[in-house]
Number of protein chains: 2
Amino acid sequence: MPENDPTPSEQSETAERFNQARTAQALALLEDYTEMIDDLIRDHGEARVTEIASRMGVTHPTATKAIARLKREGLAVSRPYRGVFLTEAGTRMAARVRTRHRVVVDLLLAVGVPGEAAKLDAEGIEHHVSDDTLHAFEAFLRARGQV
Amino acid sequence: MPENDPTPSEQSETAERFNQARTAQALALLEDYTEMIDDLIRDHGEARVTEIASRMGVTHPTATKAIARLKREGLAVSRPYRGVFLTEAGTRMAARVRTRHRVVVDLLLAVGVPGEAAKLDAEGIEHHVSDDTLHAFEAFLRARGQV
DNA sequence: GCACAATTAAAGCCATGGCTACACTTTTGT
DNA sequence: ACAAAAGTGTAGCCATGGCTTTAATTGTGC
C-alpha cells in the first residue's frame with residue numbers, strides 16, 4: 001500500500017467513487033472476521049481457528065492468515081494453539097459491524113426483499129454502507145416502525 | 001480458481017453467505033469496466049485505455065490488465081493502439097449493470113439517503129444486489145412513485 | 001502415560017488487482 | 001516531414017486472499 005497521495009484531489013468524481021468502493025472492500029475481511037470471532041466467543045466462550053474457518057467457508061490456513069492480519073492491525077490477540085480474542089478496538093469494530101448488519105437486513109426486509117435474499121445480499125452490501133446511509137436507514141426504519 | 005466442488009452442499013449457511021459475497025466481488029470488476037466502456041462509447045464514440053483508467057481511478061497498465069480479462073471472458077474486443085469495444089455479451093452486461101445501478105441509487109434516495117452518500121455507496125452496494133432484491137427494489141419504487 | 005486423533009501452524013503455490021519503469025506506437029504541431 | 005507529446009503496451013514488483021501439503025502441538029481414550 002503506497003503511502004503517497006493516491007488521491008490527488010483533482011481526481012474525477014467517478015474515480016473517487018471507485019476508490020472509495022475499493023477501500024471499503026479492503027476493510028470487509030477484517031470486519032467479517034471480527035464479527036465472527038465475537039459471535040463465537042458469545043456462543044462458545046472461545047473462538048478457535050478451525051471453527052472460524054468452518055463458519056467463514058475457508059480452509060484453516062486461510063483463517064490463520066486472516067487472524068494474523070487482525071493481530072497486525074491491533075484488532076485481535078492470540079497465542080499459539082490457544083483461541084483468538086478481540087482487543088478493545090476489535091470489540092468495538094464487532095459491535096459496530098453487528099449493528100450495521102442488523103440494520104441492513106431490516107431495511108431490506110422493510111422495502112420488501114424476501115427473507116432469504118435479504119440475508120444473502122446483506123453480507124455483501126453492509127460493507128459499503130457509510131455512516132450517513134446507515135443513519136438514513138435507521139431513520140427510515142424508525143418512521144416505518146411507528147406507523 | 002479450483003474447479004473442484006467448493007460447495008460441498010453440507011456447508012454451513014453462514015459459509016454459503018460468505019462464499020456468495022466473494023463470488024459477487026469477483027464479478028464486480030468486470031461489471032464496472034463493461035459499464036464504463038459502454039458509457040465512454042456513448043459519450044465519445046470510443047473507449048480508450050487512458051480514459052478508462054482515468055475514470056476508474058487506476059493507472060493505465062491496471063486498466064490494460066482488466067481489459068485483457070474482459071477479452072478473455074468474451075466481453076470485449078480490442079486491437080493494439082485502437083479503442084476497446086464490447087461484444088454482444090459485454091453490451092448485455094453493461095445494460096444490466098446500468099439498470100441495476102440506477103435502481104439502487106433511486107432506492108437509496110427513496111428511503112432518505114442523502115444524494116452524495118447514495119452515489120458513493122451505490123458503487124459498492126450494487127454488486128451485491130441479487131435479482132430477487134432488485135425486483136423488490138423496483139416494486140418498492142413503483143409503489144412509492146404512484147403515491 | 002502413551003499412542004492416536006484432532007487442531008494448529010508453517011511453507012509455498014496461484015490468481016487478482018494494484019503499482020512503476022521502460023519501450024514502442026500514434027498523433028500533433030510547426 | 002519529422003520531432004515532440006500523448007497514448008499504449010509489456011515486464012516485473014508487491015500484497016491479498018484463496019488453496020494444498022507437511023510438520024508440530026494439544027488433548028483424549030484406553
Side-chain angles (χ1 to χ4, degrees), chain A residues 1-8 11 15 18-33 36-37 40 44 46-73 76-85 124 127, chain B residues 1-8 11 15 18-33 36-37 40 44 46-73 76-85 124 127:
Chain A
M1 190 194 308
E3 235 65 5
N4 51 6
D5 198 5
T7 312
Q11 197 178 25
F18 284 110
N19 280 323
Q20 164 154 334
R22 279 189 289 266
T23 301
Q25 196 51 41
L27 249 130
L29 182 125
L30 297 178
E31 293 180 337
D32 285 336
Y33 274 89
M36 180 62 73
I37 290 166
L40 286 169
H44 301 104
E46 63 175 1
R48 309 301 300 237
V49 172
T50 300
E51 185 67 16
I52 294 169
S54 155
R55 295 229 200 163
M56 294 297 299
V58 300
T59 57
H60 330 127
T62 298
T64 300
K65 250 196 219 180
I67 292 164
R69 195 175 154 209
L70 289 185
K71 290 164 75 171
R72 250 191 294 136
E73 308 265 350
V77 291
S78 78
R79 292 205 334 282
Y81 299 101
R82 291 291 174 261
V84 181
F85 300 92
H127 300 292
Chain B
M1 190 194 308
E3 235 65 4
N4 53 6
D5 198 5
T7 311
Q11 196 177 24
F18 285 109
N19 280 323
Q20 165 154 334
R22 279 189 288 266
T23 300
Q25 197 51 43
L27 251 136
L29 182 125
L30 296 178
E31 294 179 337
D32 285 337
Y33 275 89
M36 180 61 73
I37 290 166
L40 286 169
H44 300 101
E46 64 174 0
R48 309 300 301 236
V49 172
T50 299
E51 185 66 16
I52 294 169
S54 156
R55 295 227 198 164
M56 294 297 299
V58 299
T59 57
H60 79 263
T62 298
T64 300
K65 249 193 219 181
I67 292 163
R69 193 173 154 211
L70 290 184
K71 290 164 76 172
R72 250 191 294 135
E73 308 265 350
V77 292
S78 78
R79 291 204 336 282
Y81 299 99
R82 293 290 175 260
V84 181
F85 299 92
H127 300 292

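Only this structure's heavy atoms are used, side chains among them; waters, hydrogens and symmetry mates stay out. Proteins come first, then strands; the chains are lettered A, B, ... in the order of their sequence lines, and each starts at number 1.
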Whole-Å distance between D/dT16 C1' and A/Leu30 CG?
-> 11 Å
Considering heavy-atom distances to DNA chain D, does B/Glu51 or A/Arg72 have its closest nucleotide positioned more toward the 5' end?
-> B/Glu51
State whether B/Arg69 places a side-chain N or O below 4.0 Å from either non-bridging phosphate oxygen (OP1 or OP2) of C/dG17.
-> yes
Rounded distance (Å) that lies between atom P of D/dC19 and atom CE of A/Met56 | 11 Å
Take atom CG of A/Asn19 and atom P of C/dG17, then tell me their distance rounded to the nearest Å.
-> 15 Å
What is the distance, rounded to the nearest whole Å, between atom CG of A/Leu27 and atom C1' of D/dG17?
-> 15 Å
Under 4.0 angstrom between B/Thr59 side-chain N/O and C/dC19 OP1 or OP2 | yes
Could you check which of C/dC19, C/dT27, D/dA24 has an atom nearest any side-chain atom of A/Tyr81?
-> D/dA24
Drop me the distance from A/Glu51's CD to A/Met36's CE, to the nearest 0.5 angstrom.
-> 8.5 Å
N/O (side chain, B/Thr62) to phosphate O (OP1/OP2, C/dC19) under 4.0 Å = yes
Just one of B/Ile37, B/Val58, B/Thr62 clears the side-chain contact (heavy atoms from CB on, under 4.5 Å) bar with B/Ile52, so which one?
-> B/Ile37
Could you tell me the separation between the CD atom of B/Glu46 and the P atom of C/dT26, rounded to a whole number of Å?
-> 14 Å
When B/Glu73 and B/His60 are each assigned the nearest nucleotide of DNA chain C, the 5'-most assignment goes to B/Glu73
Among C/dA10, D/dG18, D/dG7, which nucleotide sits nearest the side chain of A/Pro61?
-> C/dA10
Winner on side-chain proximity to B/Val58, out of C/dG18, D/dT8, C/dT27, is C/dG18
Under 4.0 Å: is that the gap between some side-chain N or O of B/Arg82 and OP1 or OP2 of C/dT27?
-> yes
OH of B/Tyr33 versus P of C/dG18: gap in Å, rounded?
-> 6 Å
Taking only the side-chain heavy atoms of B/Lys65 (C-beta and beyond), determine which of D/dT26, C/dC19, D/dG18 contains the nearest atom.
-> C/dC19
Using atom CD1 of A/Ile67 as one end and atom P of C/dA10 as the other, report the distance to the nearest whole Å.
-> 12 Å
Could you give the distance from CD (A/Glu73) to CG (A/Leu29), rounded to the nearest 0.5 Å?
-> 10.0 Å
Rounded to the nearest 0.5 Å, the OG atom of B/Ser54 sits from the NE2 atom of B/His60 at a distance of 13.0 Å
Ignoring backbone atoms, test whether B/Arg48 places a side-chain nitrogen or oxygen under 4.0 Å from the OP1 or OP2 oxygen of D/dT8.
-> yes
Closest to the B/Thr64 side chain, choosing from C/dT8, C/dA11, D/dG9 = D/dG9
To the nearest angstrom, how far is A/Gln25 atom CD from D/dG18 atom P?
-> 10 Å
Measure the spacing between CG of A/Leu40 and OH of A/Tyr33 and express it to the nearest 0.5 Å.
-> 11.5 Å
